[in-house]
4 protein chains.
Amino acid sequence: MRREQMIKGAISLFKEKGYHRTTTREIAKASGFSIGTLYEYIRTKEDILYLVCDQIYDEVQEKIKKALHFRHVTKETIKEGLTAYFKIMDDLQDEVLVMYQELKSLPREMLPVVLKKELEMVAIFEDLLKRYFDQNQTNVCDEQIHLYAHNIIVQGQMWGFRRWALRKQYTLEQYTEWQFQQLIRGIDSLGK
Amino acid sequence: MRREQMIKGAISLFKEKGYHRTTTREIAKASGFSIGTLYEYIRTKEDILYLVCDQIYDEVQEKIKKALHFRHVTKETIKEGLTAYFKIMDDLQDEVLVMYQELKSLPREMLPVVLKKELEMVAIFEDLLKRYFDQNQTNVCDEQIHLYAHNIIVQGQMWGFRRWALRKQYTLEQYTEWQFQQLIRGIDSLGK
Amino acid sequence: MRREQMIKGAISLFKEKGYHRTTTREIAKASGFSIGTLYEYIRTKEDILYLVCDQIYDEVQEKIKKALHFRHVTKETIKEGLTAYFKIMDDLQDEVLVMYQELKSLPREMLPVVLKKELEMVAIFEDLLKRYFDQNQTNVCDEQIHLYAHNIIVQGQMWGFRRWALRKQYTLEQYTEWQFQQLIRGIDSLGK
Amino acid sequence: MRREQMIKGAISLFKEKGYHRTTTREIAKASGFSIGTLYEYIRTKEDILYLVCDQIYDEVQEKIKKALHFRHVTKETIKEGLTAYFKIMDDLQDEVLVMYQELKSLPREMLPVVLKKELEMVAIFEDLLKRYFDQNQTNVCDEQIHLYAHNIIVQGQMWGFRRWALRKQYTLEQYTEWQFQQLIRGIDSLGK
DNA sequence: AATGAATGAGGGTTCATTCAT
DNA sequence: AATGAATGAACCCTCATTCAT
């Protein structure tokens, strides 16, 4: 409970002013308890950053996994996957922005834990694409699929990072639609 | 001259430890002059960040523009463009990393100046693609082209940001080759 | 019972890290009860220091008194006295070290109580020497005896304080032997 | 200059309230400059303690060495030596008190440096006694002399540490006189 | 009687910025 | 023009003490 308050408070502050400009006192206050109590839950300020990153990843992953459960994978499934993922990235754009911009402030030993989660997300789409190709009996090498998956993940993040540019030209729906078309055209031409 | 020393010094320090962990003293020292003199050239520490971002953008753009000068645009030209751009992003990956991770630390009023430069880079590839479609007499709507250009730019940055994952699986050449194939397959199927 | 646990716990912690570096939480834990309960027995952290000093003095005194019970005092008795005292100071050297180094942290009003006990210890040896001189019908002024007694006490403490130097050169037995010889030669020449 | 101000300020504060209860801010203020400037001269608070201990030792040693320069050593010389040393310890009693009570707070790596100086002081009196015995053609083993020297040093410190007791009974002159008599009686009886 | 969560004053330390020289 | 000593606000973190349960 306290932990969640703290993480929520921290995220909202990090969104506003970034990790470095946020003080532990502010986080304590935003969390609704004293600085002393804050330090019952963490050892150093960096711990908060880790908890925040970890929590955001978990939230993103949980939402994606809830949205994507597929057996038979068609074009439609892929579109649904993209749509769901981009929607999540839109909902959590502040959180995602925070996370990626502060990753480098994570203590060296915590980084791998977080990066592992990033790869898990890539793996979700890798799996989706693999099933699609299997169903269509298209033979595509793993590296290619892996790269497609990376691209998809990055395109989701990009919607958050580059909103200053993209929002002016596209709604989320349009963005999703275009990206889907570009993707599907690419992978469908693979089979020929 | 002094300015360049300062920017160079700052970049090298930012690469190593990030903007926030770098002190003005260190920047002065790395620049080869005193802290007092440093403050002849800037008003606040943030100014240095701005100068650094600005300079990196200029360097990237300059190199790209030097690499890409085309009249008649073929598949080959596009591949050359991608290759050159990715190469530049590989060469300057530390710089690029620094820049994007510290953008949010820029004072609000300086951000637009920098973002404008980002859009100029998008425009370069937008132009390239437009010419390609014109030459092939394919009719593609501007929004689609714009998005393709964004994707290309982001894929270049991605090579820097996600090197921890991508480097394990691809060389720069392979990465370029795959991305090119995915791109060209997508845009070529547009014409049909 | 609780009190003793607390004092024992505190002493062992003070030995290890000194009074100031030991936290009340640690003392509570080492004592086997909660911080809340700890504060049932004390008002401030300083109280613990007082209890500790007091307890150490009592222990030292008790042991000395148990070791020294004399009617007829000869050279031999004095040697036994020295030996016993030095042995005790050797056994309790950590405790004694703690006590003397933290004395100045005692609240002003508690100091006299503790210093009184120090004087009681001096008095023990004063008494011993007095009896010796009485038995030998040597006339020695009280101040001189008092000073001899102080010197003895300090030589015992010195074995603890200066162990970093003395241990390298002497065993406890050698140290005792030499000090005894120096003492006895001094006081014996008094009679002439 | 600054350094000396700082050390002087620190000593006076340590005398008053001990090392742990003195804040760096107070030291800065007492030194007549700001906390920022203080940290130009030291890296951590412990450094101040080291500088203080070092400085006190140097001062004590310098004074002793200035007072004791002997060729031909007689009883008189020894008395002069004792008198000078005890006088110095009386003058610097606060400093000496500070030093010994805070030694344990010194970082592990600095302790040996300071202890070495303590041994140098012992060596001074060791030398004095050796010369005395040489001159009198008395054969005394080194360990015995070493211990005598230690005793002398400790008796000097004792005058500072136990002033609460000794001052009530002795003036410095009386204390010196008694201690000298006890010493000389002891060592003179060695020759027989 | 016993707990331990909660507090927040206060500690050591850093560093952007200024300004006398 | 150039310096770097000096500043002090502000940071992160600790821990003695309290008090509701």
Side-chain angles (χ1 to χ4, degrees), chain A residues 1-3 5-6 19-29 31-49, chain B residues 1-2 17 19-29 31-49 105, chain C residues 1-2 17 19-29 31-49 105, chain D residues 1-3 5-6 17 19-29 31-49 105:
Chain A
M1 232 266 85
R2 277 282 161 82
R3 249 179 80 113
Q5 278 176 288
M6 186 188 79
Y19 170 72
H20 278 103
R21 291 199 209 297
T22 302
T23 69
T24 50
R25 269 177 172 77
E26 287 171 325
I27 295 172
K29 192 179 232 179
S31 313
F33 40 79
S34 73
I35 182 71
T37 302
L38 181 72
Y39 273 86
E40 289 293 319
Y41 294 84
I42 56 162
R43 229 172 28 76
T44 72
K45 192 187 173 190
E46 283 172 334
D47 289 346
I48 306 179
L49 184 56
Chain B
M1 229 259 94
R2 282 277 163 88
K17 30 188 2 210
Y19 169 72
H20 279 101
R21 292 196 212 297
T22 303
T23 69
T24 49
R25 263 154 133 130
E26 288 170 323
I27 294 171
K29 192 177 221 178
S31 311
F33 42 81
S34 74
I35 182 75
T37 302
L38 182 73
Y39 271 83
E40 290 294 316
Y41 294 83
I42 55 164
R43 225 172 29 77
T44 72
K45 193 186 171 191
E46 284 171 335
D47 290 345
I48 306 178
L49 184 57
S105 300
Chain C
M1 229 258 92
R2 282 278 165 86
K17 28 187 6 207
Y19 169 71
H20 279 101
R21 292 197 212 295
T22 302
T23 68
T24 49
R25 262 155 134 130
E26 288 170 323
I27 295 172
K29 191 178 223 179
S31 312
F33 41 82
S34 74
I35 182 73
T37 303
L38 182 73
Y39 271 83
E40 290 294 316
Y41 294 83
I42 55 163
R43 228 172 29 76
T44 72
K45 192 186 171 190
E46 284 171 334
D47 289 346
I48 306 177
L49 184 57
S105 301
Chain D
M1 231 262 84
R2 278 283 161 83
R3 247 179 81 113
Q5 277 175 289
M6 185 187 78
K17 26 181 16 201
Y19 170 71
H20 279 102
R21 291 199 209 298
T22 302
T23 69
T24 50
R25 274 173 173 81
E26 286 170 327
I27 295 171
K29 191 177 233 178
S31 312
F33 41 78
S34 73
I35 182 68
T37 302
L38 180 72
Y39 273 87
E40 289 295 318
Y41 293 84
I42 56 163
R43 229 171 28 75
T44 71
K45 192 187 173 191
E46 283 172 335
D47 289 346
I48 306 178
L49 184 57
S105 302

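Within every chain, numbering begins at 1; the chains are lettered A, B, ... in the order of the sequence lines, protein sequences first and strands thereafter.
- One atom, OH of D:Y41, and another, C1' of E:dG12, lie 19 Å apart when rounded to the nearest Å.
- With rounding to whole Å, D:F33 atom CZ is found 13 Å from F:dG8 atom P.
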If you apply the rule side chain to side chain contact (heavy atoms under 4.5 Å, CB included), what do you find for B:T22 with B:I48, and how did you get there? CA-CA 11 Å; B:T22 303; B:I48 306 178; over 6 Å; no

Dot-bracket, DNA chain F: Watson-Crick or G-U, under 3.5 angstrom, [ ] crossing, | other strand? .||||||||||||||||||||

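- E:dT13 atom P lies 10 Å from atom CD1 of D:I27, rounded to whole Å.
- Atom CG of D:L38 and atom C1' of E:dC15 are 15 Å apart (whole Å).
- Dense packing is recorded around CZ of D:R21, with more than 12 heavy atoms of other residues, nucleotides or ligands lying under 6.0 Å away.
- Smallest separation of non-hydrogen atoms from A:M6 and A:S31: CA-OG, 3.3 Å.
- Of the side-chain N and O atoms in B:R2, none sit less than 4.0 angstrom from OP1 or OP2 of F:dA1.
- Every side-chain contact (heavy atoms from CB on, under 4.5 Å) that B:T37 has, sequence neighbours left out, goes to B:R2, B:F33, B:S34, B:Y41.
- Scanning for side chain to side chain donor-acceptor pair (under 3.5 Å) contacts around D:E26 gives D:K17, D:T23, with sequence neighbours left out.
- Taking B:Y19 as the reference, B:F14 meet the ring-ring contact (aromatic ring centres under 6.0 Å, His included) condition, with sequence neighbours excluded.
- For D:K29, there are no side chain to side chain donor-acceptor pair (under 3.5 Å) partners, not counting sequence neighbours.
- The nearest pair of heavy atoms linking D:K45 to D:H20 is NZ-O, 3.7 Å.
- For the pair A:K29 NZ and E:dT7 P, the interatomic distance rounds to 13 Å; values are reported in whole Å.
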Got a list of protein N/O to nucleotides 15-18 of chain F N/O distances below 3.5 Å?
unit_1 : atom_1 : unit_2 : atom_2 : d
F:dA16 : OP1    : C:K45  : NZ     : 3.2
F:dA16 : OP2    : C:T24  : N      : 2.7
F:dA16 : OP2    : C:T24  : OG1    : 2.7
F:dT17 : OP2    : C:Y39  : OH     : 2.8
F:dT17 : OP2    : C:K45  : N      : 2.9

